[in-house]
Amino acid sequence: MQELAWLISLALIIVCAAVFLAVILKAGTEAKEQDIQGGPYRYRRPSFWALVGIGVLTAIVSLSDLPYAAQGASSKASQVVEATGYQWYWTLSRDEVSVGEPVEFRVTSADVNHGFGIYDESLRLLAQTQAMPGYTNRLRFTFQKPGKYRILCLEYCGLGHHEMPAEISVVAR
Amino acid sequence: MTTTNEPAVRLDLDAKRVVLGYVAVSALVLALMMVLGLLMRLAQGEALAIPPDLTYQIMTIHGIGMVGIAGFSGAAIMWYFANQHLQLTLGVFQANFVIFLLGVVAILMSVFLGGFAGGWTFLYPLPAHSGGVWEKGAATAYLFGLLLIGVGFLLLYLDVARAVIEKYGSLAKGLGWPQLFAGDEGEAPPPVVVACTVVLIINTLSIVCGAAIVLMCLINIIEPAFAINPLLAKNLIYVFGHVFINAAIYMAVVAIYEILPRHTGRPWKTTRVLLGAWTATGVMVVLVYPHHLLMDFVMPVWMLAMGQIISYCSGLPVLLVTAWGALANIYRSGMRWNMTSGFLILAVFGWSAGVLPAIVDGTIVVNYVMHNTMWVPGHFHFYLLLGLVPMIFAFMYFLVGSEGVRSETNIDKLAFWAFVVGALGFVMMFLYSGLQSVPRRWAVHFPEWLAYDQIASVFAALAVAGVLVFMVRFLAGVPRLYAAD
């Protein structure tokens with residue numbers, strides 16, 4: 001997902017820059033306003049509808065599978081980890097889970113806001129939710145590979161914000 | 001139904017001097033905050049040994065300092081041009097200047113004397129719950145400083161509202177609603193008045209929300225038994241923060257409407273598309289704030305989905321009205337290029353291109369793996385550093401140039417390109433770090449991330465060098481501008 005987000009953003013920024021450059025290169029020449037005004041604005045309405053179309057399609061596809069399913073679900077995952085953030089450490093009700101089976105992380109905080117980010121061994125962020133006092137965010141995630149995963153804090157929580165990594169082992173069934 | 005910008009009216013000397021004061025303070029603070037930003041990146045890259053507690057204090061000051069000065073300088077630009085159409089009260093503008101500086105003093109004391117490092121967003125209950133690092137007095141000073149600044153801005157907006165109602169009869173007429181919705185063929189207000197009216201409405205709302213949560217936090221510090229719902233607090237803080245920083249851009253964008261036509265000879269017209277875009281922007285900027293809370297799974301799902309959809313929609317007015325309008329305005333216009341017009345076009349590009357990675361991040365499934373990584377400062381630095389900040393520099397060069405105080409030199413041009421290359425490289429490194437999942441707001445980085453920080457620091461240093469030139473060149477012209485009647 002990160003690569004896709006990067007590539008789409010990069011492509012859009014380059015297109016935007018190309019349009020600006022093309023117009024900037026023409027800015028020095030002079031034509032009467034009434035001769036060219038129809039030109040630039042002629043494409044605006046179709047562009048509007050094209051962007052609306054792309055936006056609607058993207059929204060339909062991307063909103064069809066949201067990470068909030070566990071929040072209101074009554075069915076219980078086979079593996080549950082109670083995770084609580086403190087200044088500046090995590091407590092996990094268990095630090096070993098099985099690969100290939102959904103894990104439900106019930107994430108909260110005992111003091112201030114924290115962020116519960118699951119990182120793999122290559123330091124790639126796989127999933128996250130916020131840890132907030134008084135609330136429990138349910139994050140359902142299935143690990144695909146065995147190994148050591150790290151929990152990093154992703155919400156600024158004071159001076160020890162960077163010092164509270166925790167570890168979770170994912171083992172074969 | 002079209003109107004054009006009325007011819008510029010010269011400000012009287014007192015008003016001009018206050019505007020100069022605003023811009024001079026903005027130039028100084030902007031440069032200083034950018035130097036602090038560079039120090040932070042150098043510390044993260046382990047190129048400079050700064051202890052984490054000081055780094056987090058710098059982070060707090062950099063954040064609130066930049067947001068504050070964005071609003072402050074935006075207000076100066078808005079007031080300067082709006083005053084040519086509306087009867088604004090100079091005393092209120094001066095009061096905001098003084099109150100802002102008092103607020104800044106309180107915040108500086110809280111951070112550098114009291115050790116406050118709660119982040120500019122002061123997420124409840126962090127200010128009162130420092131983990132034994134700063135005292136309650138420091139948190140109180142910070143929040144009180146914020147409250148003061150909010151009061152100053154509120155006074156300013158109330159005065160603008162009074163002036164709009166006095167001239168046009170109502171805020172709805174200031175927004176051009178009779179022309180937009182009722183088929184009125186009469187003359188609509190000029191773009192600057194429409195923008196001002198939108199800003200005063202949305203930022204009054206944002207400041208009231210901000211003041212409410214700041215006051216609740218202050219009471220909580222004094223009496224901990226007065227607890228606040230953390231989710232409510234977070235919602236209020238993001239309504240305030242999101243709308244305030246966007247309103248700063250909307251105030252500064254007036255510079256594009258007002259100055260660009262002077263370089264192309266083509267007036268920026270108030271059309272129904274422009275009126276519709278501003279009304280839509282005003283509604284969307286308030287409703288879109290839940291996109292900051294996409295990882296709070298306890299939020300109602302419809303609000304989060306709304307956050308994503310409105311994030312998409314809010315890109316349309318930027319791209320299809322302001323950017324399109326600016327490009328149509330300069331296209332084959334025989335454009336007169338100088339530092340001012342260069343910065344204006346850079347600003348439109350930065351704002352347009354910067355919203356693109358922001359919209360991508362507003363997608364919930366992307367946010368799931370990008371939220372609170374470096375991607376986030378990547379997109380907001382894009383449209384602030386390359387969008388809002390160039391609007392301010394354009395205004396600085398416009399002021400100096402319009403008074404004939406000083407001509408531009410090759411040093412200015414060199415600094416301009418240093419800034420462009422530095423800022424672009426700097427924000428792209430942020431985005432690339434986001435791709436690599438580097439968390440934001442970490443004072444100390446893992447060894448795997450240091451190279452990104454170091455490369456970003458080189459670009460940041462280049463951008464800062466450019467900014468220091470702009471600052472010195474502007475400030476050097478201030479005494480003559482101050483005296484020139």
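Letters A, B, ... are given to chains in the order of the sequence lines, protein chains preceding strands, and every chain is numbered from 1. Note that this is a predicted model, so its numbers are computed, not measured.
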Chemist: Looking only at non-hydrogen atoms, find the nearest pair between A:Ala59 and B:Tyr312 and report the distance.
Modeler: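 Closest approach of A:Ala59 to B:Tyr312, heavy atoms only: N-CE2, 4.0 Å.
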Chemist: How close do B:Val298 and A:Gln71 get, counting heavy atoms only, and between which atoms?
Modeler: CG1-NE2, 3.4 Å
Chemist: Side chain, backbone, both or neither: which part of B:Ile359 has a non-hydrogen atom closer than 4.5 Å to chain A?
Modeler: neither
Chemist: Where is the tightest heavy-atom contact between A:Tyr119 and B:Pro439, given as atom of each residue plus distance?
Modeler: OH-CG, 3.8 Å
Chemist: With a 4.5 angstrom heavy-atom cut-off, could you sort out which part of B:Val365 is near chain A: side chain, backbone, both or neither?
Modeler: both
Chemist: Based on non-hydrogen pairs under 4.5 Å, which of A:Lys26, A:Arg138, A:Glu163 is most in contact with chain B?
Modeler: A:Lys26
Chemist: Could you look at B:Gln308 and say if it's the side chain, the backbone, both or neither that has a heavy atom under 4.5 Å from chain A?
Modeler: side chain
Chemist: Check whether B:Leu293 gets within reach of chain A through its side chain, its backbone, both or neither, counting any heavy atom under 4.5 Å.
Modeler: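 Interface part for B:Leu293: neither.
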Chemist: Sort B:Tyr432 into side chain, backbone, both or neither according to what part of it lies under 4.5 angstrom from a heavy atom of chain A.
Modeler: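 Answer is both: backbone and side chain atoms of B:Tyr432 are under 4.5 Å from chain A.
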Chemist: Do the non-hydrogen side-chain atoms of B:Trp375 and A:Ser9 ever get within less than 4.5 Å of each other?
Modeler: yes
Chemist: Relative to chain A, which segment of B:Tyr368 carries a heavy atom at a distance below 4.5 Å: side chain, backbone, both, or neither?
Modeler: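 Both backbone and side chain.
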Chemist: Is there a side-chain contact between A:Tyr68 and B:Pro300 in this structure, where contact means two heavy atoms from C-beta onward sitting under 4.5 Å apart?
Modeler: no
Chemist: Is the side chain of B:Glu448 donor-acceptor paired with the backbone N or O of A:Ser122 at a distance under 3.5 Å, no angle test?
Modeler: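 Side chain of B:Glu448 to backbone of A:Ser122, a donor-acceptor pair under 3.5 Å: no, none is there.
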Chemist: Taking side chain as C-beta onward, heavy atoms only, is A:Arg150 less than 4.5 Å from B:Phe446?
Modeler: yes
Chemist: Counting only non-hydrogen atoms closer than 4.5 Å, does B:Ile309 touch chain A with its backbone (N, CA, C, O), its side chain (CB onward), both, or neither?
Modeler: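 Only the side chain of B:Ile309 comes within 4.5 Å of chain A.
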Chemist: Taking every non-hydrogen pair under 4.5 Å, which of B:Val366, B:Leu327, B:Leu304 racks up the most with chain A?
Modeler: B:Leu327
Chemist: Does A:Arg124 CZ have over 12 foreign heavy atoms under 6.0 Å away?
Modeler: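 Yes, enclosed.
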Chemist: Output the distance between atom CD (A:Gln130) and atom CE (B:Met295), rounded to the nearest 0.5 Å.
Modeler: 8.5 Å
Chemist: Are the side chains of A:Leu66 and B:Val301 in contact, using a 4.5 Å heavy-atom criterion?
Modeler: yes
Chemist: When rounded to the nearest 0.5 angstrom, what distance separates CD1 in B:Ile364 from CG in A:Asp65?
Modeler: 11.0 Å
Chemist: I need the A:Ile24 CD1 to B:Met335 CE distance, nearest 0.5 Å.
Modeler: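 Answer rounded to 0.5 Å: 8.5 Å.
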Chemist: Give me the atom names and distance for the closest heavy-atom approach of A:Phe20 to B:Ser352.
Modeler: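 Shortest heavy-atom separation between A:Phe20 and B:Ser352 comes out as CZ-OG, 4.0 Å.
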Chemist: Checking A:Tyr86 against chain B: side chain, backbone, both or neither under 4.5 Å from a heavy atom?
Modeler: neither
Chemist: Write down the atom of B:Ala353, the atom of A:Ile13, and the distance for their closest heavy-atom approach.
Modeler: O-CG1, 3.9 Å
Chemist: Could you look at A:Thr136 and say if it's the side chain, the backbone, both or neither that has a heavy atom under 4.5 Å from chain B?
Modeler: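 Backbone only.
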Chemist: Assess whether side-chain hydrogen bond (donor to acceptor under 3.5 Å, both in side chains) is satisfied between A:Gln128 and B:His371, documenting all intermediate values.
Modeler: CA-CA 8 Å; A:Gln128 67 170 306; B:His371 181 61; 5.1 Å; no
Chemist: Measure distances from B:Val348 to the heavy atoms of chain A and classify the residue's part below 4.5 Å as side chain, backbone, both or neither.
Modeler: both
Chemist: Considering only heavy atoms from C-beta outward, does the side chain of B:Trp324 approach that of A:Val19 to under 4.5 Å?
Modeler: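 Contact flag for B:Trp324/A:Val19 side chains = no.
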Chemist: So what's closer than 4.5 Å to chain A heavy atoms on B:Asn229: side chain, backbone, both or neither?
Modeler: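 Side chain only.
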Chemist: Could you look at B:Leu316 and say if it's the side chain, the backbone, both or neither that has a heavy atom under 4.5 Å from chain A?
Modeler: side chain
Chemist: Within the structure provided, determine whether A:Leu125 and B:Met370 are in side-chain contact (heavy-atom separation under 4.5 Å).
Modeler: no
Chemist: Roughly how far, to the nearest 0.5 Å, is the OH atom of A:Tyr135 from the CG atom of B:Asp296?
Modeler: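 If I round to the nearest 0.5 Å, the distance is 10.0 Å.
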Chemist: What's the separation between atom NZ in B:Lys234 and atom CD in A:Glu155, rounded to the nearest 0.5 Å?
Modeler: 5.5 Å
Chemist: Would B:Tyr56 and A:His162 count as a close aromatic pair, with their ring centres under 6.0 Å?
Modeler: yes
Chemist: Given a strict heavy-atom distance threshold of 4.5 Å, which part of B:Arg336 is in contact with chain A: side chain, backbone, both, or neither?
Modeler: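 It is neither, since no heavy atom gets under 4.5 Å.
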Chemist: Relative to chain A, which segment of B:Val360 carries a heavy atom at a distance below 4.5 Å: side chain, backbone, both, or neither?
Modeler: side chain
Chemist: At a 4.5 Å cut-off on heavy atoms, which part of B:Met59 comes close to chain A: side chain, backbone, both, or neither?
Modeler: side chain
Chemist: Taking the side chain as everything from C-beta on, heavy atoms only, tell me whether B:Leu126 gets closer than 4.5 Å to A:Tyr156.
Modeler: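 With C-beta onward as the side chain, the pair touches.
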Chemist: Report yes if the side chains of A:Leu123 and B:Ser437 come closer than 4.5 Å at any heavy-atom pair, otherwise no.
Modeler: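 Answer no - side chains too far apart.
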Chemist: Any chance you could measure B:Met428, atom CE, to A:Trp6, atom CH2, to the nearest 0.5 Å?
Modeler: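 The CH2 atom of A:Trp6 is 4.0 Å from CE of B:Met428, to the nearest 0.5 Å.
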Chemist: For B:Thr373, is it the side chain, the backbone, both, or neither that has a heavy atom closer than 4.5 Å to a heavy atom of chain A?
Modeler: side chain
